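Proteins get letters first, then strands, A, B, ... in listed order; numbering begins at 1 in each. Below, all heavy atoms of this structure are taken into account, side chains as well, without hydrogens, waters or symmetry copies. These numbers come from a predicted model, not from an experiment.
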There are 2 protein chains.
Amino acid sequence: MPLDPHLTAANRLRAAGQRYTTNRRDLVETLSESGQPMAIPDILGTRPELPQSSAYRNLAVLEQAGVVRRIVTNEEFARFELAEDLTEHHHHLVCMSCGTIEDVTIPTRLERGMERAMTDVAESTGFSAVSHRLDLIGTCKSCG
Amino acid sequence: MPLDPHLTAANRLRAAGQRYTTNRRDLVETLSESGQPMAIPDILGTRPELPQSSAYRNLAVLEQAGVVRRIVTNEEFARFELAEDLTEHHHHLVCMSCGTIEDVTIPTRLERGMERAMTDVAESTGFSAVSHRLDLIGTCKSCG
DNA sequence: ATGAGTGCAAAGGCTTTGCATTAGG
DNA sequence: CCTAATGCAAAGCCTTTGCACTCAT
C-alpha cells in the first residue's frame, strides 16, 4: 500500500537536511492530485503563482530526496511524478503523437517474471538492478 | 535475424528520398561497431573529422528513416543506437552512476508475456502499443 | 546545372544558477 | 536571529538552424 505523500515527503526531506516548505508541499500536492506524470507547463498551469525557477529547483530537491521521479522522453519537456512507493508500482503508456504519459499496471505474473529476469541478468552480467522501467510506446485513445 | 545495416540504411533512406552519403555511412558504421548506444561525444570521439552539426543532422535523418533510434535518459546527452531490426530485440541496463547503457536480451517467455500484456492493455484502455521498452536501472559492473 | 548535403557559426529553448530578499525553525 | 529557500533575471548547455559552399546526379 502507498505511503502518505506529504508525510513521507516531510520525512525524506528532513532526512536530507531540507525543509518541507509551502512550495514543495504544493508541488507534492499537485503531482498527487494529477495521478499522471506532469510536464513543467502543466505544473505551472496548475500553480500560476509558482515561479518557474522555484518549480525546477524544488523538483530537483524532491527528486534527490526520493520523493519525486523525473521522466525524460523524446518530447521537449521532462515530466515529473511522485516516487513509486508514494503511489504504486506501475508502468507507462507513452503516446508518440501527443506526448502524454498514462499510468498502467500489468499482471502480477509479469511483474514477477521481470523481477526474476532482473536477478538473472544481475548474475550473468554483474549489473545490479534496483528497479525496472517498462514503457509501452504507441498512440493513445484520443490520438488513435 | 538482423538485417544488414548498410543495405537496409541505403534502402530506407532512398525510400525516404534521402541519399546514403559518406557521413551517414560512417555514422551507421560507428553505431554498428559500437554495439551499444552512443552519446554524441562518443561518436565525435570516434569520428573526429565529423562536424557536430552534421552528426546531429544526419542522426535526425537516420532516425526519421527508421535506421537509428534515439534514447533519451536523465544524463546530459542523448544516445543513439541502430534500429532494433538492424540489431536484435533487446533491452537496456542503464547505469545510474556512470550513465552508460548496455544491451541485454531477456528470456523469450518474458518477451511473450510482455507482448500479451501490450495486447491486453490495448483492449482495456484504447491505447494501441507499437513497441515496448524495458530498462533495468541500477549500477554496472565497473561502478558497482 | 541543380538540388541535396555539408560545415561553420549563430540562434533556440529547456534548465540551471547568481544574487539580493524573504521566511521558516 | 540565521540559515535555507525564494524569485527575478541572466547565463548554460545540448541541440537546431541559417546560409553560403560543395558535391553528386
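One finds a side-chain N or O of A:Ser54 lying less than 4.0 angstrom from the OP1 or OP2 phosphate oxygen of D:dG7. Between B:Asn58 and C:dT6 there is a side-chain N or O to OP1 or OP2 distance below 4.0 Å. A close approach under 4.0 Å does occur between a side-chain nitrogen or oxygen of A:Asn23 and OP1 or OP2 of D:dG7. Residue B:Tyr56 places at least one side-chain N or O under 4.0 Å from the OP1 or OP2 atom of D:dT15.
No hydrogens or angles were tested; on distance alone, nothing pairs the side chain of A:Arg14 with the base of C:dG25 as donor and acceptor under 3.5 Å.
A:Ala78 comes within 4.0 angstrom of sugar-phosphate atoms only, judged by non-hydrogen atoms across all strands, and of no base. Using a 4.0 Å heavy-atom distance criterion, B:Thr21 is classed as a sugar-phosphate-only contact. At a threshold of 4.0 angstrom between heavy atoms, the contacts of B:Gln18 are confined to the sugar-phosphate backbone, with no base atom among them. Heavy atoms of B:Arg24 sit under 4.0 angstrom from primed sugar atoms or phosphate atoms, though from no base atom. Nucleic acid contact class of B:Phe77 (heavy atoms, under 4.0 Å, all strands): sugar-phosphate only.
Between A:His89 and A:His132, the two ring planes are perpendicular [angle over 60°; tilted spans 30° to 60°].
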Original post:
Step by step, would you call A:Asp103 with A:Leu93 a side chain to side chain contact (heavy atoms under 4.5 Å, CB included)?
Top reply: CA-CA 6 Å; A:Asp103 296 342; A:Leu93 304 179; over 6 Å; no
Original post:
Would A:Glu102 and A:His90 satisfy side chain to side chain contact (heavy atoms under 4.5 Å, CB included), going step by step from the backbone distance to the final call?
Top reply: CA-CA 10 Å; A:Glu102 193 181 342; A:His90 63 269; over 6 Å; no
**OP:** Under the salt bridge (Lys or Arg N to Asp or Glu O under 4.0 Å) rule, what do B:Asp42 and B:Arg47 come out as? Steps first, then yes or no, please.
**Re:** CA-CA 9 Å; B:Asp42 302 333; B:Arg47 303 279 171 183; over 6 Å; no
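Spacing between atom CZ of A:Arg57 and atom C1' of D:dA9 amounts to 11 Å, rounded to whole angstrom units.
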